[in-house]
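Worksheet for the structure shown next.
No hydrogens, no waters, no symmetry mates; every other heavy atom, side chains included, goes into these values.
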Amino acid sequence: MMFNKDSIVNNSRKLYATMKRMYHYSFSDLQGESQLNDTDLCLAIGQLLQEGKLMQRKGTDGIYYLVA
């Protein structure tokens with residue numbers, strides 16, 4: 001499977017813009033907000049984590065993500 005870096009960066013920017021509405025998000029919250037498929041969402045999250053714009057935490061209900 002080939003991945004396009006420009007597409008990943010574009011998806012991460014869109015995801016980041018939608019994440020300013022709430023404090024933290026589960027993976028399913030982000031899927032609903034972004035309408036990205038599993039792979040594209042994982043890559044966008046990875047990009048934002050790498051850029052230091054997103055934090056990943058473990059809570060009692062599982063993993064959640066928040067803007068850094």
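Scanning both residues, Tyr64 and His24, for their nearest heavy atoms gives CD1-CB, 3.4 Å. In plain terms, the two heavy atoms of Val67 and Met19 that are nearest each other are CG2-O, 3.6 Å. In terms of heavy atoms, Leu49 sits closest to Leu54 at CD2-O, 3.3 Å. Ala68 approaches Gly52 most closely through the heavy-atom pair CB-O, 3.3 Å.
The CG atom of Leu66 sits 6.5 Å away from the CZ atom of Arg57 when rounded to the nearest 0.5 Å. Note that the CG atom of Leu41 and the OG atom of Ser28 stand 10.0 Å from one another [nearest 0.5 Å]. Separation of atoms CG (Asn10) and NZ (Lys5) is listed at 12.5 Å; rounding is to 0.5 Å. If you take CD on Gln50 and CG on Leu43, they are separated by 11.0 Å, rounding to the nearest 0.5 Å. Remark: Ser7 OG to Asp40 CG distance equals 6.0 Å, nearest 0.5 Å. The distance from the CG atom of Asn37 to the SG atom of Cys42 is 9.0 Å, given to the nearest 0.5 Å.
Judged purely by atom type and a 3.5 angstrom limit, Asp29 uses its side chain to pair as donor or acceptor with the backbone of Ser26.
Between Gln31 and Glu33 the shortest side-chain heavy-atom distance does not fall below 4.5 Å.
Atom CG of Asp61 is surrounded by 12 or fewer heavy atoms from other residues, nucleotides or ligands within 6.0 Å.
Under 4.0 Å is where a charged nitrogen must lie from a carboxylate oxygen, and between Glu51 and Arg13 at least one such pair does.
Both Tyr25 and Leu36 sit in one connected hydrophobic cluster of ILVMFWY residues. Membership requires side-chain heavy atoms under 4.5 Å apart, directly or through other members. Criterion: ILVMFWY side-chain heavy atoms under 4.5 Å apart, direct or through other members. Under it, Tyr16 and Tyr23 are not part of a common hydrophobic cluster.
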Margin query: Does Phe27 form a side chain to side chain contact (heavy atoms under 4.5 Å, CB included) with Ile45? I'd like the steps, not just the answer.
Written below: CA-CA 10 Å; Phe27 190 84; Ile45 289 170; 3.9 Å; yes
